[in-house]
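Hydrogens, waters and symmetry mates are skipped; everything else that's a heavy atom, side chains included, is used. Reminder, nothing fancy here: chain letters follow the sequence lines and each chain counts from 1.
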Amino acid sequence: MTQINDRVQEQPIEQKKSVPRLRFAPSPTGFQHIGGFRTALFSWLYARHTGGQFILRVEDTDTTRTVEGAVDDLLKGMTWFGMDIDEGPIVGGPYGPYYQTQRKALYQQYAYQLIESGHAYPCYCTPERLDAMRKMQETRKLPPRYDRHCRFLTKEQRAANEAAGATWVVRFAIPLDGETIVHDELHGDMVFKNTNLDDMVVLKSNGLAPYHLAHLVDDHEMAITHILRGEDWIPSAPLHVQIYNALGWNIPLLYHLPNILGKDKKKLSKRRNAPSWSDFQREGFLPEAVINFIALLGWSYDDKTEMFTQAELIEAFSLKRVGIASGIYDPEKLTWMNGVYIRNLSLDELTQRTLPYLERPEAAGGLPDSIQRPLDPIYTKQVLALEQERLKTLSDATKAHFFFEHELIYDAPMLIQKGIDATRTHDALVQAHNGLATLEQWERSVMETAMDELGKTLGLKRGQFFGALRVAVSGSNATPPLFPMMEVLGRDVSMKRIEQAIAKLG
RNA sequence: GGCGCAUUCGUCUAGCGGCCUAGGACGCCGCCCUCUCAAGGCGGAGACCACGGGUUCGAAUCCCGUAUGCGCUACCA
């Protein structure tokens, strides 16, 4: 019980410099949504901005809710976003272990210390009694709080409970009067009446500490200097202040970040209205775009700048410019921003990053399975050169499937443009085919000159003539410019498709 | 119910007493460009700064109420 890990005992007190140390401390109860990653991002940005350290700690004290694979998913997400971790699971560090379930003894030590100093007490109440108590409070419209039944037990009564082998927890003894001031760097001083505070459990009957004690002990032991967390923690902050005081510890700087809400104006929730990082990845969002976007959810640089590379974010980020009002997550702007990032990609990079999206199985969002993999990177690059400015996400590239398909599927009427009939369309395509066949080079400007000429002699508007050719060659009404497209498609494919179109009309 | 936090265009936000008849961005609408779709350029609609009182020569900005929204109210985080 009193065997505390050595490394915990002799904490490396003297830092080289007193540099900010920030942590991200999620509980592995499912995937992290952008709200969680936003908290992580701000901490990470501040650490990088100041040359401080960024620590990842897994708050897995609620073993009943721990989800298999959650830590793994989290780590993958952090990597995807490019947030590197200085200390934490896998990378380790001088303040480990970084799983709370492995720090059990520490919490127990401090819980007992609190009992000895009179700041906490053992509570033998059964869940049934607590339940009944709450029900009664509810019917009598009283605030549901622990009634402090065990707080004033005599020594004899305690001994009797022990002798009876009653299971017990440790509760923190909140001062019976006065008030607690929580100083938050963003919100200023927040004052709470102690009579509104509850004697919360700080050590569970299974020997593990709930969040309130565990995070606090770890933040202290890990020499955390800044705590960034969601504003939903504000109500329990006075309890934390009380525990800090009882232990005689300095309180790290507190930053309660505004929540990110869903369209329903409710807090983003893993199971209701929030996408995971892997959803973004699967849909073809670039991590740098998502980072840029979520950085702007609750933080701003000035009144106009909003595109930031990662390096620029680190340079520009300031905790002082973090807002305090909750904001709604609106994916439309993210989509726009992602498009901007895609347009800024070099062609080679775009190709390299898009290929996996095209090549994944059709069911997973890729090109039709009838198209053979792997794709030719050279050809794909030519296609993407034409599609780049049309993409909002990388997975959008599949809309250029006609560049890859063997057989085009569309109905003949699609070929017929406004103001002309089937016969003239048929004739125009035949003429175009003949004209194109005589061309020495299969090159966009050569084709355009020839077809412009032909269109005029046929008495067709560009829209009519080119429109028919567009559908013939692609089976689609929305494509890149006709001749560059035909150039990429190549002579054989283009000519064959025009022939097929003619056949459809004949 | 109790306690707490918040409140500027539909959305993200700038604003920290006079520069605001409130600026930017997304989205929306229109025009231009144009072989379609985009991209781009230009322009427009869109916020009585939640409401009501103060303080002040002067308030989106400070103070107090009210309303609304959200959060917390577990041996969850």
Side-chain angles (χ1 to χ4, degrees), chain A residues 25-29 59-62 64-65 123 125 127 130-131 134 137-138 140-146 167-171 182 184 187 190-193 195-198 200-206 208-212 214-215 229-238 256 258-259 261 263 265-267 293 296-307 321 323-337 339-340 343 386-392 399 417 448 451-452 455 461-471 474 476-483 485:
Chain A
S27 65
T29 55
E59 310 227 315
D60 55 351
T61 56
D62 186 358
T64 61
R65 294 202 315 154
C123 168
C125 292
L130 295 175
D131 229 40
R134 263 183 226 110
Q137 286 166 334
E138 201 176 320
R140 289 164 65 179
K141 301 236 170 176
L142 289 166
R145 269 201 290 272
Y146 179 58
T167 58
W168 51 283
V169 300
V170 178
R171 286 184 183 273
V182 176
D184 179 282
H187 295 266
M190 297 182 285
V191 183
F192 298 78
K193 285 196 182 64
T195 49
N196 286 325
L197 268 28
D198 201 357
M200 296 294 285
V201 171
V202 290
L203 195 68
K204 299 190 268 188
S205 56
N206 67 1
L208 270 166
Y211 175 86
H212 302 298
H215 93 278
R229 67 190 354 173
E231 67 178 356
D232 34 341
W233 286 109
I234 289 177
S236 47
H256 285 98
N259 280 327
L261 279 23
K263 267 235 153 28
K265 288 200 160 195
K266 298 266 193 268
K267 192 173 74 155
F293 177 75
L296 260 19
L297 237 42
W299 172 83
S300 65
Y301 179 67
D302 58 17
D303 60 337
K304 45 199 57 156
T305 319
E306 56 180 7
M307 299 301 290
R321 294 196 58 88
I324 52 171
S326 304
I328 295 171
Y329 158 65
D330 174 14
E332 270 185 298
K333 188 158 181 174
L334 203 212
T335 302
W336 164 79
M337 192 171 272
V340 174
R343 272 170 253 134
L386 300 182
E387 292 288 352
Q388 184 165 25
E389 68 184 24
R390 276 158 257 271
L391 303 180
K392 291 263 198 288
K399 70 186 182 188
Q417 303 297 302
E448 179 155 9
M451 290 301 103
D452 247 342
K461 292 185 201 149
R462 296 186 113 207
Q464 296 173 319
F465 189 30
F466 293 178
L469 272 172
R470 160 171 296 102
V471 175
S474 71
S476 169
N477 281 318
T479 78
L482 178 60
F483 301 108
M485 174 168 66

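With rounding to whole Å, Arg140(A) atom CZ is found 19 Å from G1(B) atom P. Between the CG atom of Asp303(A) and the P atom of C49(B) there is a distance of 20 Å, rounded to whole Å. For the pair Asp232(A) CG and G69(B) C1', the interatomic distance rounds to 15 Å; values are reported in whole Å.
What you find for Lys304(A) and Asp302(A) is that their closest heavy atoms are N-OD1, 2.8 Å. Nearest heavy atoms, Thr479(A) versus Arg470(A): OG1-NE, 2.9 Å. In terms of heavy atoms, Gly463(A) sits closest to Gln417(A) at O-OE1, 4.0 Å.
Among the nucleotides G71(B), C75(B), G24(B), the one closest to any side-chain atom of Asn259(A) is G71(B). Among U36(B), A38(B), G69(B), the nucleotide with an atom closest to any side-chain atom of Lys392(A) is A38(B). Listed candidates were C12(B), G1(B), G23(B). Nearest to the side chain of Pro143(A) is G1(B). Residue Trp336(A) places its side chain closer to A25(B) than to any other of A25(B), C5(B), G10(B). Listed candidates were A14(B), A77(B), G71(B). Nearest to the side chain of Ser300(A) is A14(B). Each of U7(B), C26(B), C76(B) was ranked by its minimum atom distance to the side chain of Arg65(A); first place goes to C76(B).
Between the C1' atoms of G15(B) and C62(B), the separation comes to 15 Å (whole Å).
Looking at heavy-atom distances under 4.0 Å, Arg321(A) makes contact with sugar-phosphate atoms alone, never a base. His187(A) comes within 4.0 angstrom of sugar-phosphate atoms only, judged by non-hydrogen atoms across all strands, and of no base. Using a 4.0 Å heavy-atom cutoff across all strands shown, Asn196(A) reaches sugar-phosphate atoms only and no base atom. Note on Thr64(A): nothing from the nucleic acid sits closer than 4.0 angstrom, heavy atoms only.
Not one side-chain nitrogen or oxygen of Thr167(A) sits closer than 4.0 Å to the OP1 or OP2 atom of C75(B). Phosphate proximity of C3(B) to Lys193(A): absent, as no side-chain N or O sits under 4.0 Å from OP1 or OP2.
For the pair Arg134(A) and Arg470(A), both in contact range of RNA chain B, the more 5′-proximal nearest nucleotide belongs to Arg470(A). Comparing Ile234(A) and Ala478(A) against RNA chain B, the residue whose closest nucleotide sits nearer the 5' end is Ile234(A).
Using N1 to N3 plus N6-O4 or O6-N4 for Watson-Crick, or N1-O2 and O6-N3 for G-U wobble, each under 3.5 Å, G52(B) pairs with C64(B). When Watson-Crick and G-U wobble pairs are counted only if both distances are under 3.5 Å, U11(B) pairs with A25(B). Of the nucleotides present, none pairs with U36(B) by Watson-Crick or G-U wobble criteria with both distances under 3.5 Å. The pairing partner recorded for C70(B) is G4(B), the criterion being a Watson-Crick or G-U wobble arrangement whose two distances lie under 3.5 angstrom.
Within a 6.0 Å radius of OH in Tyr301(A), no more than 12 heavy atoms belonging to other residues, nucleotides or ligands are found.
For C70(B), the base has no donor-acceptor partner in the side chain of Ser326(A) [N/O atoms by modelled type, under 3.5 angstrom].
Ring geometry, Phe293(A) versus Tyr329(A): the interplanar angle exceeds 60°, so the pair is classed perpendicular (tilted spans 30 to 60°).
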